[in-house]
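So the structure is just underneath, and the comments pick up after that.
Since the model is a prediction, treat every value here as computed from it, not as a measurement.
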Amino acid sequence: MKSYTISLLLSLLFVAINLPAQDFKVIEETKDYILKVADSGYYYAHGLPPKDDFVLDTTKIHKVNGVLKLPLDNGKEVVFRDTYDTNDYADFGYTYKGFNKKANCYLVLGLHKIDFIKYLLVYKTNGNIDTCRMNPVYSPKVKNYGYFIIEEYPEGGNIIFKNLKTQKTVKIKINKEFPVDFRWIDNKKFVFYTCHWNDPHKHIKLREYYLVQIKQ
């Protein structure tokens, strides 16, 4: 009886593992991606929790007198300098956030004193810079990165992802909703959810879950 139970459990596990991914409804398809509705169960079961892709080592890189220097593979440097207004407060300051060895790039946070923020990916190979409005999250094998942008009500927001091989950036417009918590599944798929308000005066948030399949 015990061996039968074990065999049955193994059979059920084999079936569960080999079941095809749930076929969600397609709500948008372009040459770059397929956008589908999903659900919370799929989101939490498949989405990889965001992690910090950058290692911070201030013994190697640190800012001196408002100047941040990032050494490149070719012996040159990319330099960021804080700018100041007449009151000696940083008008726009730069903070080193770490280095991603797999992507071979630095992450720098640029912060304006009136809350304007940008994230700068500085590639150590050639000094090229990608500018992101939110902290970018890399796919498991560093084939792509992505992030979400929240706009003012009722504009909604955007989902941005970039293929590091082709250097193509794609934007998915999310109308009248606020995208939250971008999570990769693998190098070709990611999930996120949105919040929106039934009544802007009541501030009732409702979540809707989405799956994106990349065609690149």
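Heavy atoms only, all atoms of each residue included: N163 and N144 are closest at CA-OD1, 3.2 Å. Contact detail for N187 and K141: the closest heavy-atom pair is OD1-N, 3.0 Å. In terms of heavy-atom proximity, N135 sits nearest to Y147 at O-CB, 3.8 Å. Across Y44 and R207, no two heavy atoms sit closer than the pair OH-NH1, 3.0 Å. The minimum heavy-atom distance linking G127 with V122 is given by the pair O-CG1, 4.4 Å. Taking each heavy atom of D82 and G93 in turn, the nearest pair found is OD1-CA, 3.3 Å.
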*Evaluation steps, side-chain contact (heavy atoms from CB on, under 4.5 Å), between L211 and K189*: CA-CA 7 Å; L211 164 66; K189 296 190 293 294; 4.2 Å; yes
*List the steps and the verdict of side-chain contact (heavy atoms from CB on, under 4.5 Å) for V79 and L68.*
CA-CA 6 Å; V79 180; L68 176 64; over 6 Å; no
*asked:* As a quick check of understanding, evaluate side-chain contact (heavy atoms from CB on, under 4.5 Å) for L120 and Y106, giving each step before the final call.
replied: CA-CA 8 Å; L120 303 169; Y106 303 100; over 6 Å; no
*V137 and W184: side-chain contact (heavy atoms from CB on, under 4.5 Å), yes or no, with the steps?*
CA-CA 8 Å; V137 180; W184 288 99; 3.8 Å; yes
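Looking only at side-chain heavy atoms (C-beta outward), I174 and Y210 stay at 4.5 Å or farther from each other. In this structure, the side chains of N126 and N74 stay at 4.5 Å or more apart for every pair of heavy atoms. Counting only heavy atoms from C-beta outward, the side chains of T30 and V170 never approach each other to under 4.5 Å. Under the 4.5 Å side-chain criterion, counting only non-hydrogen atoms from C-beta, C105 is not in contact with K124. Looking at heavy atoms from C-beta onward, F182 lies in side-chain contact with I159 at the 4.5 angstrom threshold. At least one side-chain heavy atom of K36 sits under 4.5 Å from a side-chain heavy atom of V26. Within the 4.5 Å cutoff, no side-chain heavy atoms of C132 are placed close to those of I160. Put simply, the side chain of V108 reaches to within 4.5 Å of the side chain of L70, judged on heavy atoms.
Hydrophobic cluster membership differs between L111 and V67, with clusters built from Ile, Leu, Val, Met, Phe, Trp and Tyr side chains linked at under 4.5 angstrom. Taken together through direct or relayed side-chain contacts under 4.5 Å among Ile, Leu, Val, Met, Phe, Trp and Tyr, L48 and I185 form parts of separate hydrophobic clusters. Linking Ile, Leu, Val, Met, Phe, Trp and Tyr whenever their side-chain heavy atoms come within less than 4.5 Å leaves V55 and L109 in two separate clusters.
Note on ring orientation: taking the six-membered ring where Trp is involved, the planes of F24 and Y42 are perpendicular (angle over 60°, cut-offs 30° and 60°). Using the six-membered ring where Trp is involved, Y193 and Y43 have ring planes that are perpendicular, over 60° apart on the 30 and 60° scheme. Classification of the F190-F192 ring pair by plane angle, with boundaries at 30° and 60°, yields tilted.
With rounding to the nearest 0.5 Å, the separation of CZ in F148 from CZ in R183 is 11.0 Å. How far CD1 of I34 is from CD1 of I27: 12.0 Å, rounded to the nearest 0.5 Å. Between the NZ atom of K143 and the CD1 atom of I214 there is a distance of 12.5 Å, given to the nearest 0.5 Å. Taking CD of Q213 as the start and CG of D186 as the end, the distance is 9.0 Å to the nearest 0.5 Å.
Atom NZ of K215 is surrounded by more than 12 heavy atoms from other residues, nucleotides or ligands within 6.0 Å.
Applying the salt bridge (Lys or Arg N to Asp or Glu O under 4.0 Å) definition to pairs two or more places apart or across chains, those involving residues 126-140 are D130-K162, R133-E151.
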Using residues 94-101 as the side-chain source, report each donor-acceptor pair under 3.5 Å to any protein atom, sequence neighbours left out, with the distance given to one decimal.
{"unit_1": "N100", "atom_1": "OD1", "unit_2": "K102", "atom_2": "N", "d": "3.0"}
{"unit_1": "N100", "atom_1": "OD1", "unit_2": "A103", "atom_2": "N", "d": "2.9"}
{"unit_1": "N100", "atom_1": "ND2", "unit_2": "D53", "atom_2": "O", "d": "3.1"}

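Partners of K76 under the salt bridge (Lys or Arg N to Asp or Glu O under 4.0 Å) rule, at least two apart in sequence or in another chain, do not exist in this structure.
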